[in-house]
Enquirer: 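Have a look at the structure that comes next, please.
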Amino acid sequence: MSKLNGKVAVVTGGNSGIGYASAQELKANGANVIITGRSAEKVDNAAKELGVKGIVADVSDLAAIDSLVAQVKEEFGKLDILFVNAGIFQPAPVGQISEEMFDHQMGINFKGALFTTEKFLPILNEGASIINLSSVNAYTGMPNTAVYAASKAALNSYTRTAATELAPKKIRINSVNPGPVYTPIFGKTGMPEEQLGGFAEAMQNRIPLKRFGQPEDIAKLVGFLASDDASFITGSEYNIDGGINVNPLLVD
Ligand code: NAD
């Protein structure tokens, strides 16, 4: 029997990258999956490819999250797996951080993520699993990532507090901290192709396992944390980064 049979899962930002691969993994393990995203066309296309339900919902709009929860409740009743994955990466150097960029990035990566959980709580089943997609950036001083890193550090802090408070309801909540993973996220930063290539090469050389992660690498961990195999795990964080976080001074 598949380990997620009979479970209902929501994956925010499930039309691309890590969310897409995770939706595929959760479905392959038997879950009934709903993906969300901002663009109706992209959500529809991905939902068709994956053979799952697609719902358009911008996580920076709290009313849109309310509507998402209402639609999931109406069609599926209760939820067992909530993968809070939607996020953006907007680099900017210290000294050039605009209020607009701060609000936008925090609004999706922290406020949007936090309220996704807050608003789904009333329909979460006992024994449900919440997985927050964070980043190793929460712990590094990587240049140009001050706001992005803070948004993920804040999310991990919420994970810890929520784990304690939700434990009496047997709801588990954990964070996954990937290192660099090949997804479309970097192309959305507006950085020129050449600069992105240089960044990728420099980064890859610093990763002990000498490669970027693939979305499927992260999806496997998400599938595990979503399942009852992880029933004694809550309030934890998992670095999944080819070892970069333990060896930042690696030379070659
Ligand atoms: P991606 O750009 O392929 O996917 C991001 C998804 O989030 C897309 O589906 C997008 O539509 C959705 N999204 C963005 N803003 C949204 C909003 N306001 N409302 C609803 N959906 C929204 O990138 P990815 O790399 O798969 O990113 C997924 C998560 O992984 C993000 O939280 C990101 O911060 C995190 N992450 C990525 C990496 C990496 O190297 N790719 C590393 C660490 C963490």
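Atom set for the values below is all heavy atoms of this structure, side chains included, hydrogens, waters and symmetry mates excluded. Counting starts at 1 for both ligands and their atoms, in listed order.
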Enquirer: Could you list the atoms of ligand 1 found under 4.0 angstrom from a heavy atom of P180?
Expert: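 Listed by number with element, the hits are 40 (O).
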
Enquirer: Going by distance only, is there an N or O of V181 that falls short of 3.5 Å from an N or O of ligand 1?
Expert: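 It does: an N or O of V181 is found under 3.5 Å from an N or O of ligand 1.
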
Enquirer: I'd like to know whether Q71 forms a side-chain hydrogen bond (donor to acceptor under 3.5 Å, both in side chains) with S67, so could you lay out the CA-CA distance, the side-chain angles of the two residues, the decisive distance to 0.1 Å, and finally the verdict.
Expert: CA-CA 6 Å; Q71 288 176 70; S67 160; 3.2 Å; yes

Enquirer: What residue and atom, counting heavy atoms only, is the protein's closest point to atom 18 (N) of ligand 1, and at what distance?
Expert: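 It is D58 OD1, 2.8 Å.
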
Enquirer: So do N125 and K78 actually touch side chain to side chain, heavy atoms under 4.5 Å?
Expert: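 In short, these two side chains touch, coming nearer than 4.5 Å.
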
Enquirer: Atom 24 (P) of ligand 1: which of V84, T183, L68 has the nearest heavy atom?
Expert: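 Minimum heavy-atom distance to atom 24 (P) of ligand 1 goes to T183.
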
Enquirer: Could you check atom 19 (N) of ligand 1 against the protein and tell me its nearest heavy-atom contact, residue, atom and distance included?
Expert: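 The answer is V59 N, 2.9 Å.
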
Enquirer: For ligand 1, which atoms, with element, lie under 4.0 Å from some heavy atom of K188?
Expert: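 Selected atoms, number and element: 1 (P), 2 (O).
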
Enquirer: Quick check on contacts: which atoms of ligand 1 are under 4.0 angstrom from a heavy atom of P184?
Expert: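 Listed by number with element, the hits are 3 (O).
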
Enquirer: For residues L79 and L82, determine if any side-chain heavy atom of one lies less than 4.5 Å from a side-chain heavy atom of the other.
Expert: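 Side chain of L79 against side chain of L82, heavy atoms only: contact under 4.5 Å found.
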
Enquirer: Check for me whether T12 has a heavy atom closer than 4.0 Å to any atom of ligand 1.
Expert: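 Checking ligand 1 against T12, which is what was asked, there is no heavy-atom contact under 4.0 Å.
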
Enquirer: Could you check whether any side-chain heavy atom of I185 comes within less than 4.5 Å of a side-chain heavy atom of I88, counting everything from C-beta outward?
Expert: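 Counting from C-beta outward, I185 and I88 never come under 4.5 Å.
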
Enquirer: Tell me which protein heavy atom sits closest to atom 5 (C) of ligand 1, plus the residue, atom name and distance to 0.1 Å.
Expert: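 Answer, as residue, atom name and distance: G87 O, 3.7 Å.
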
Enquirer: In terms of side-chain heavy atoms, does N177 have a donor or acceptor partner in S135 at a distance below 3.5 Å?
Expert: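 Side-chain D/A pair, N177 to S135: absent.
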
Enquirer: May I ask you to check whether over 12 heavy atoms, not counting those of K119, lie within 6.0 Å of atom NZ?
Expert: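 Atom NZ in K119 is crowded, with more than 12 foreign heavy atoms closer than 6.0 Å.
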
Enquirer: Within ligand 1, which atoms have a heavy atom of I18 less than 4.0 Å away?
Expert: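 It comes down to these atoms of ligand 1: 26 (O), 30 (O), 37 (C).
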
Enquirer: Closest non-hydrogen protein atom to atom 35 (C) of ligand 1, residue and atom name please, with distance?
Expert: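 So the nearest neighbour among protein heavy atoms is L133 CD1, 3.1 Å.
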
Enquirer: May I ask you to identify the nearest protein heavy atom to atom 29 (C) of ligand 1, giving residue, atom name and distance to one decimal place in Å?
Expert: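 For atom 29 (C) of ligand 1, the nearest protein heavy atom is N85 O, 3.2 Å.
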
Enquirer: Do me a favour and list the nearest non-hydrogen protein atom to atom 27 (O) of ligand 1 with residue, atom name and distance?
Expert: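 For atom 27 (O) of ligand 1, the nearest protein heavy atom comes out as I185 CD1, 3.8 Å.
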
Enquirer: In Å, rounded to the nearest 0.5 Å, how long is the span from CD1 of I173 to CG of L166?
Expert: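 Here the rounded value is 6.5 Å.
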
Enquirer: Is there a heavy atom of S39 sitting under 4.0 angstrom from any atom of ligand 1?
Expert: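 For ligand 1, residue contact (heavy atoms, under 4.0 Å) with S39 is absent.
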
Enquirer: Does ligand 1 come near enough to S135 that some N or O of the ligand is less than 3.5 Å from an N or O of the residue?
Expert: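 In fact, backbone or side chain, S135 has no N or O that close.
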
Enquirer: Go through ligand 1 atom by atom and flag the ones less than 4.0 Å from a non-hydrogen atom of G17.
Expert: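 Going through ligand 1 atom by atom, the ones under 4.0 Å from G17 are 3 (O), 26 (O).
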
Enquirer: Report the nearest protein non-hydrogen atom to atom 20 (C) of ligand 1: residue, atom name, distance rounded to 0.1 Å.
Expert: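 So the nearest neighbour among protein heavy atoms is A57 O, 3.3 Å.
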
Enquirer: Of the side chain and backbone of P215, name the one, both, or neither that has a heavy atom under 4.0 Å from an atom of ligand 1.
Expert: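 Near ligand 1, P215 shows nothing, with every heavy atom at 4.0 Å or more.
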
Enquirer: How long is the straight-line distance from NZ of K170 back to CD of E126, given to the nearest 0.5 Å?
Expert: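 Rounded to the nearest 0.5 Å, the CD-NZ separation comes out at 6.5 Å.
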
Enquirer: Report whether F115 and I171 are members of the same hydrophobic cluster (ILVMFWY, side-chain heavy atoms less than 4.5 Å apart, transitive linking).
Expert: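 Linked, F115 and I171 end up in one cluster.
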
Enquirer: Does R211 come within less than 4.0 Å of D217, counting only side-chain N to carboxylate O?
Expert: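 A salt bridge links R211 with D217.
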
Enquirer: Among the heavy atoms of F186, does any lie under 4.0 Å from an atom of ligand 1?
Expert: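 Heavy atoms of F186 do come under 4.0 Å of ligand 1.
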
Enquirer: Any heavy atom of K152 closer to ligand 1 than 4.0 angstrom?
Expert: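 Per 4.0 Å heavy-atom rule, K152 contacts ligand 1.
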
Enquirer: State whether the shortest distance between N or O atoms of G13 and N or O atoms of ligand 1 falls below 3.5 angstrom.
Expert: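 Looking only at distances, the answer is yes, because the N/O contact criterion of under 3.5 Å is met.
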
Enquirer: I need the atoms of ligand 1 closer than 4.0 Å to a non-hydrogen atom of N15, numbered in the order shown.
Expert: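 The list of qualifying atoms is 9 (O), 11 (O).
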
Enquirer: Under a 4.5 Å cut-off applied to non-hydrogen side-chain atoms, are F83 and I130 in contact?
Expert: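 No, every pair of side-chain atoms sits at 4.5 Å or beyond.
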
Enquirer: Output yes when E25 and K220 qualify as a salt bridge under the 4.0 Å nitrogen-oxygen rule, no when they do not.
Expert: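 K220 and E25: salt-bridged.
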
Enquirer: Do N15 and Y20 touch side chain to side chain, with heavy atoms closer than 4.5 Å?
Expert: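 The answer is no; the side chains never approach within 4.5 Å.
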
Enquirer: For R172, is there an ion pair with D228 - N to carboxylate O distance below 4.0 angstrom?
Expert: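 The answer is no: the pair does not qualify as a salt bridge.
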
Enquirer: So do Q90 and Y148 actually touch side chain to side chain, heavy atoms under 4.5 Å?
Expert: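 No - every pair of side-chain heavy atoms lies 4.5 Å or more apart.
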
Enquirer: What atoms of ligand 1 come closer than 4.0 angstrom to any heavy atom of I88?
Expert: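 Here the atoms of ligand 1 in question are 14 (C), 15 (N).
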
Enquirer: Give the residue, atom name and distance (to 0.1 Å) of the protein heavy atom nearest atom 16 (C) of ligand 1.
Expert: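 Checked against all protein heavy atoms, atom 16 (C) of ligand 1 sits closest to R38 NE, 3.4 Å.
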
Enquirer: Please state whether A46 comes within less than 4.0 angstrom of ligand 1, counting heavy atoms only.
Expert: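 Outside the 4.0 Å threshold, so no.
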
Enquirer: Against heavy atoms of Y148, which atoms of ligand 1 measure under 4.0 Å?
Expert: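 Result: 33 (C), 34 (O), 35 (C), 36 (N), 43 (C), 44 (C).
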
Enquirer: Decide whether the shortest distance between a heavy atom of G179 and an atom of ligand 1 is less than 4.0 Å.
Expert: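 Contact present.
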
Enquirer: Passes side-chain hydrogen bond (donor to acceptor under 3.5 Å, both in side chains), D58 versus S60? Steps please.
Expert: CA-CA 5 Å; D58 184 334; S60 66; 2.7 Å; yes

